[in-house]
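The block underneath contains the structure these notes are about, expressed in structure tokens.
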Amino acid sequence: MILEVILEMIIPLLMAAIIDQGVEKGDMNYIYQTGAVMALMAVLGLITGGLGAKYGASASAGLAKNLRSTMFNNIQSFSFANIDKFSTAGLVTRLTTDVTNIQNAYQMILRMCVRAPISMITAMIMAFVINAKLASIYLIAVILLGGCLFFIMRKATRYFKQIFPKYDDLNASVQENVSAIRVVKAYVREDYENDKFTKASGNIRKMFTKAENILTWNAPLMQITVYGCILTISWLGAKMIVLGSLSTGQLMSLLAYCMNILMSLMMLSMIFVMVTMSAASAERIAEVINEESSLTNPPNPIMEVPDGRITFDHVDFAYDRKSEEPVLKDINLEIRAGETIGIIGGTGSAKSSLVNLISRLYDVTEGTVSVGGINVKEYDMEELRNQVAVVLQKNVLFSGTILENLRWGDKNATKEECVRACKMACADEFIEQFPDQYDTYIEQGGTNVSGGQKQRLCIARALLKKPKILILDDSTSAVDTTTDGRIRKAFATEIPNTTKLIIAQRISSVQNADRIIVMDNGQVTDFGTHEELLQNSEIYRDVYESQTGGSGDFDQDGGDR
């Protein structure tokens, strides 16, 4: 690009030479020779310009790829606490719109921030060499125009900084609507969703309109400056030609340099616009890239989990360490390897928070959680999570075949192992009814299977990990009681050495467990067998009686106590 600019700056000098030495003296030989040199310069300028554009596009596309890869890889390292800081729509906007803004700005900077300053400085020097008096007009124009452009950019910047958070709202509206389209149609809320989307889109339009209204002053200011310089130089230059202090060719060169200088300034103004827009995007991208996971491996992590023993020793936990009241308060539990443990409690009693600490999805605020007799913070996190399989409340399936989804549990699992896991999870009965059976394609989010089928597939996927600890977080809620019982029976016979923690609302799902944890308001109120709890736990007894009495709702009566 530098070579391209130098070649372009030489051409006006050659043009002046043709006029002064060739045209005015009638020397055709000089005109041909100089014209051939000008043509060669133009061709070389075209080649170097093309190469500059090619490598500039490659570099900007590479930067965008690297930014997306770096952000995405860093997101994968986030703990649940890190993920809670960003909205899903916000992360999508940063990975798409914000990166595109940076890519466009970077490409313009590569092309124009190299070309424009060099072109302007070179043209200014050439103009002063030809005639310092006339060239000073350019210098004054550049200073005045530069000051005006700076003022315009400063005014526009504050609007651009407000625009991109609005994109988050727009993407959130689209994402929420598409993912919940069945609910929207079921409740006939299309008009409401349209209004919400229109409002989010309208907010972006208003902000862009305000910013662009300010930027529209760029063009008229530039035109006034260009034409003012041309008229002034033409007027003064014509007088100098008459007086003999300036040649016609030199005047033509000065006019050419006038356009070079002012076009370079216009390029810089465009760069300022792009940089202003991309600065807000850059800050948002940097937030994701610079976010450090709140969970890290120790210097020399333990790479093997001995067994499925679980110990909670005076554990407190809060999602926000600044919170006055912890979510879990002074939890003390001893769970033996291979035990089946039921966990019940009302909504908001922190059942999920309790089990999330076992696989170190969050870190405790106080106390320690141990697996296999070792503090979970001493393990390699990947190894720990491979040995602690969790089927969360929100079951997620990915687009792909049933086999591909199952192999999230073990990428090297054979079809026979997948079938065995599905039999334990009672998923084989509906899979074999599909025409393509295990090659049946699952739509994104598992929209083409029922809630109960989705839960059973997720359980089978977890079983393929062959974990030492299996956590089912209310993951049989959409399964009928008969199938629920068959799944529990399969667990008891097929994976007797695996520690099983089953969170449930139905007492029938946990009453045959070795022991049952009763939780209320972030505390373990009781811990024992079904029979012991019926005798000693008022909450458990009330819930049992209410469910066997026909209400079937844990939160009714018992959950309020």
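In this text the structure is predicted, and so the values were computed from the model without any measurement.
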Kindly indicate, with the supporting measurements, whether the criterion side chain to side chain contact (heavy atoms under 4.5 Å, CB included) is fulfilled by Phe434 and Ile402.
CA-CA 11 Å; Phe434 293 140; Ile402 288 177; 4.0 Å; yes
Walk me through whether Val388 and Val390 qualify under side chain to side chain contact (heavy atoms under 4.5 Å, CB included).
CA-CA 6 Å; Val388 182; Val390 183; 4.3 Å; yes
Would Ile471 and Asn356 satisfy side chain to side chain contact (heavy atoms under 4.5 Å, CB included), going step by step from the backbone distance to the final call?
CA-CA 9 Å; Ile471 299 171; Asn356 283 340; over 6 Å; no
Taking it one step at a time, do Ile331 and Leu354 satisfy side chain to side chain contact (heavy atoms under 4.5 Å, CB included)?
CA-CA 9 Å; Ile331 305 296; Leu354 179 78; 3.8 Å; yes
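Closest non-hydrogen pair, Cys422 versus Leu406, comes out as SG-CD1, 3.5 Å. In this structure, Gly372 and Asp307 approach most closely via the heavy-atom pair CA-OD1, 3.3 Å. Considering every non-hydrogen atom in both Thr209 and Arg205, the closest pair reads OG1-O, 2.6 Å. Here the closest heavy-atom approach between residue Val376 and residue Ile358 is recorded as CG1-O, 3.6 Å. Residues Ala318 and Thr365 approach most closely at N-OG1, 2.9 Å, considering heavy atoms. In plain terms, the two heavy atoms of Leu95 and Arg68 that are nearest each other are O-NE, 2.7 Å.
Between the side chain of Asn74 and the main chain of Thr70, no donor-acceptor pair closer than 3.5 Å is present. Judged by distance alone, the side chain of Arg456 and the main-chain N or O of Ala425 form no donor-acceptor pair under 3.5 Å. Side chain of Asn375 to backbone of Thr368: no donor-acceptor contact under 3.5 angstrom is found. Put simply, the side chain of Ser69 gets close to the backbone of Lys65: a donor and an acceptor are under 3.5 Å apart.
Two residues are said to be in side-chain contact when any heavy atoms from C-beta on lie closer than 4.5 Å; Asp363 and Lys377 meet this criterion. Taking the side chain as every heavy atom from C-beta outward, Leu472 and Ile459 approach each other to under 4.5 Å. By the 4.5 Å heavy-atom criterion applied to side chains, Ile285 and Leu67 are counted as neighbours. The side-chain heavy atoms of Gln103 and Leu63, taken from C-beta on, include no pair separated by under 4.5 Å. Here the side chains of Leu464 and Trp408 are not in contact, with every heavy-atom distance at 4.5 Å or above. Taking the side chain as every heavy atom from C-beta outward, Pro301 and Glu383 never approach each other to under 4.5 Å. The shortest side-chain heavy-atom distance between Leu463 and Leu470 falls under the 4.5 Å cut-off. Taking 4.5 Å as the limit, every side-chain heavy atom of Tyr438 sits out of range of all side-chain heavy atoms of Thr401.
Expressed to the nearest 0.5 Å, how far CZ of Arg407 lies from CG of Asn405 amounts to 11.5 Å. Atom CE of residue Met41 and atom OG1 of residue Thr48 lie 11.0 Å apart, to the nearest 0.5 angstrom. Between the OG1 atom in Thr414 and the CZ atom in Arg420 there is a gap of 10.5 Å [rounded to 0.5 Å]. Taking CG of Asn386 as the reference point, atom CE of Met381 lies at 12.5 Å (rounded to 0.5 Å). Taking CE of Met38 as the reference point, atom CG of Leu40 lies at 11.5 Å (rounded to 0.5 Å). We find the CE-OH distance between Met303 and Tyr379 to be 12.0 Å, quoted to the nearest 0.5 Å.
Screening Ile469, Leu357, Val355 against Ile310 for a side chain to side chain contact (heavy atoms under 4.5 Å, CB included) leaves a single residue, Ile469.
Annotation for Asn73: atom CG counts as buried by contact number, over 12 foreign heavy atoms lying within 6.0 Å. Heavy atoms of other residues, nucleotides or ligands lying less than 6.0 angstrom from CD of Glu287 number more than 12. Within 6.0 Å of CD in Glu304 there are 12 or fewer heavy atoms belonging to other residues, nucleotides or ligands.
Take Glu404 and apply the side chain to side chain donor-acceptor pair (under 3.5 Å) test, not counting sequence neighbours, and it matches no residue. Listed by chain and residue number, Tyr319, Tyr362 satisfy the ring pair (Phe, Tyr, Trp, His ring centres under 6.0 Å) test with Phe317 (two or more places apart in sequence, or in another chain).
A salt bridge is defined here as a Lys NZ or Arg NE, NH1 or NH2 lying under 4.0 Å from an Asp or Glu carboxylate O, and Glu417 with Lys466 meets this definition.
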